[in-house]
Amino acid sequence: MKDYLGYKDKVCVVTGAASGMGRAAAEMLVDLGAKVYALDWVEAKVEGLAKYIHTDLSKKESINQAFAQIPAHIDSFFGIAGVSGSKTDFVTTAKIDLIANMHICEEILPSRMSEGGSIGFITSTGGNGWEKEGNKKVYLPIVQAGSWDKAVEALGRTMLPHLPGTLAYPFSKLAMNYYTIQLQATYAPKGIRVNAVLPGSTDTGMKDEFTAMAGGEEALLSHTGYAKRLALSEEMAGPIVFLNSPMASYISGELLRVDYACTAEQVAGLAEDGMRIDMTAVLEHIQNASRQ
């Protein structure tokens, strides 16, 4: 039988491979014959990995040291790692969920990927509304900063670090959805595709954190639409494995919503739009509160 997904002996790097969607993707890739390098703070216990590399994605130096242990040529990158912000501050959350991906894609991958390569991110439907000018005004100074240090400096010049870490999650997902499109100019001319999967509410290791953030399990389930259940990690891993495979060879710049039509119904006006966030409104609220 023909190997349509084409991962046999391909070098794949997966961040966040210790649990949830990252682990599910790593397991699929191993089963498909890929040489999988797993980057995570916690040990990724996936049988058949080429290597697990302990990595602190909130630190540039740790990321650089991790990639120094990976073969020079990388076929596919899976940027899946993320934190909810419930246990980290705004800046740390933004570093892990956003700035780490920016550093990898701007400073590491350009010299280590070639035509036919692929980059895939797991972002979120929590980043719906990324195209709104108000939201772009907030995240573009960080996304377009040009380096890790400049991005952190740009973040520090805003009111954002004063917000709780849980708001850094949607901020980062808004920015990552835009960033997926921005990267086309860098990679598409080289024949390297960049896409993202935007999951709806999913049962991962962060389920309890997202349940608390949503205001309870019933509120969390209210965002699952007709599915009436949380998605499984495997149901998000499958789409990103597909998007990074040769089967998706003419797909680039795709923000694939995997939420059982919840966002589609909202866009069509057939369901209440309860997932979008307005970062400018959040910042205005903080600024007004600081003046009182």
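Note that the numbering runs from 1 along the sequence shown for the chain.
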I need the minimum non-hydrogen distance between [X] and [Y], along with the two atoms involved.
| X | Y | answer |
| --- | --- | --- |
| Ala81 | Gly16 | CB-N, 3.5 Å |
| Ala44 | Ala17 | CB-O, 3.7 Å |
| Ala231 | Met236 | CB-CE, 3.4 Å |
| Ser124 | Pro199 | CA-CD, 3.7 Å |

For residues 112-122, tabulate all N or O donor-acceptor pairs below 3.5 Å that involve a side-chain atom, not counting sequence neighbours.
| unit_1 | atom_1 | unit_2 | atom_2 | d |
| --- | --- | --- | --- | --- |
| Arg112 | NE | Ala72 | O | 3.1 |
| Arg112 | NH1 | Phe67 | O | 3.0 |
| Arg112 | NH2 | Phe67 | O | 3.1 |
| Arg112 | NH2 | Ile70 | O | 2.8 |
| Arg112 | NH2 | Pro71 | O | 2.8 |
| Ser114 | OG | His73 | NE2 | 2.9 |
| Ser118 | OG | Ser76 | OG | 2.7 |
| Ser118 | OG | Asn244 | O | 2.8 |

Aromatic centroids of Phe171 and Phe90 separated by under 6.0 Å: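 Ring centroids of Phe90 and Phe171 are less than 6.0 Å from each other.
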Is there a continuous path of hydrophobic side-chain contacts, each under 4.5 Å between heavy atoms, that joins [X] to [Y]?
| X | Y | answer |
| --- | --- | --- |
| Ile108 | Ile96 | yes |
| Tyr187 | Phe78 | no |
| Phe77 | Ile80 | no |
| Tyr4 | Tyr7 | yes |
| Ile63 | Leu98 | yes |

Quick one: side chains of residues 247-255, donor-acceptor pairs under 3.5 Å with protein atoms, not counting sequence neighbours, listed by atom name and distance.
| unit_1 | atom_1 | unit_2 | atom_2 | d |
| --- | --- | --- | --- | --- |
| Ser249 | OG | Pro246 | O | 3.4 |
| Ser252 | OG | Gln184 | OE1 | 2.6 |
| Ser252 | OG | Val194 | N | 3.1 |

Ignoring hydrogens and geometry, is there a side-chain-to-backbone donor-acceptor pair from [X] to [Y] under 3.5 Å?
| X | Y | result |
| --- | --- | --- |
| Gln144 | Pro141 | no |
| Asp75 | Val11 | yes |
| Asn135 | Trp130 | no |
| Arg257 | Cys262 | no |

Contacts of type salt bridge (charged side-chain N to carboxylate O under 4.0 Å, His left out), residue Glu27, not counting sequence neighbours: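 For Glu27, the residues satisfying salt bridge (charged side-chain N to carboxylate O under 4.0 Å, His left out) (neighbours in sequence not counted) are Arg23.
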Is there a side-chain contact (heavy atoms from CB on, under 4.5 Å) between Val14 and Leu29? Walk through the geometry before answering. CA-CA 10 Å; Val14 181; Leu29 291 166; 3.7 Å; yes
Between [atom1] on residue [X] and [atom2] on residue [Y], distance to nearest 0.5 Å:
| X | Y | atom1 | atom2 | result |
| --- | --- | --- | --- | --- |
| Ile240 | Met28 | CD1 | CE | 11.0 Å |
| Asp89 | Lys95 | CG | NZ | 8.0 Å |
| His103 | Leu57 | NE2 | CG | 10.5 Å |
| Ile104 | Thr15 | CD1 | OG1 | 6.0 Å |
| Cys12 | Leu49 | SG | CG | 11.5 Å |
| Leu230 | Asp203 | CG | CG | 5.5 Å |

Between Thr202 and Leu232, is the side-chain contact (heavy atoms from CB on, under 4.5 Å) condition met? List the steps. CA-CA 6 Å; Thr202 305; Leu232 302 176; 5.9 Å; no
Can you confirm whether [X] sits close enough to [Y] that some side-chain heavy atom of one is under 4.5 Å from a side-chain heavy atom of the other?
| X | Y | answer |
| --- | --- | --- |
| Leu198 | Leu256 | no |
| Trp41 | Asp56 | yes |
| Tyr169 | Ser86 | no |
| Val36 | Val46 | no |
| Glu107 | Trp148 | no |
| Val42 | Lys45 | no |
| Leu160 | Leu163 | yes |
| Leu32 | Val241 | yes |

Within 6.0 angstrom of [X] [atom1], more than 12 heavy atoms from elsewhere:
| X | atom1 | answer |
| --- | --- | --- |
| Lys190 | NZ | yes |
| Lys59 | NZ | no |
| Phe242 | CZ | yes |

Keeping to residues at least two apart or across chains, list the salt bridge (charged side-chain N to carboxylate O under 4.0 Å, His left out) pairs with something in residues 29-42.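 The answer is none; no pair qualifies.
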Would you please test Glu153 and Lys150 for salt bridge (Lys or Arg N to Asp or Glu O under 4.0 Å) and show each step? CA-CA 5 Å; Glu153 289 172 7; Lys150 289 180 180 178; over 6 Å; no
Within the 3.5 Å criterion, strictly below it, is a donor on [X] or [Y] matched to an acceptor on the partner's side chain?
| X | Y | answer |
| --- | --- | --- |
| Tyr37 | Gln69 | no |
| Thr92 | Ser58 | no |
| Asn128 | Thr263 | yes |
| Asp97 | Thr93 | no |

Passes side chain to side chain donor-acceptor pair (under 3.5 Å), Thr125 versus Asp259? Steps please. CA-CA 8 Å; Thr125 52; Asp259 64 354; 4.8 Å; no
Applying side chain to side chain donor-acceptor pair (under 3.5 Å), can you list everything that pairs with Ser147, at least two apart in sequence or on another chain?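 Counting only residues at least two positions away or on another chain, Ser147 forms no side chain to side chain donor-acceptor pair (under 3.5 Å).
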Does a side-chain N-to-carboxylate-O contact under 4.0 Å join Asp149 and Lys60?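 Result for this pair is yes, salt bridge flagged.
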Val143 and Gln182: side-chain contact (heavy atoms from CB on, under 4.5 Å), yes or no, with the steps? CA-CA 9 Å; Val143 169; Gln182 178 178 300; 3.4 Å; yes
Does Tyr139 have any ring-ring contact (aromatic ring centres under 6.0 Å, His included) partners at least two apart in sequence or in another chain, and if so, which?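 Once residues adjacent in sequence are excluded, the partners of Tyr139 under the ring-ring contact (aromatic ring centres under 6.0 Å, His included) criterion are Tyr178.
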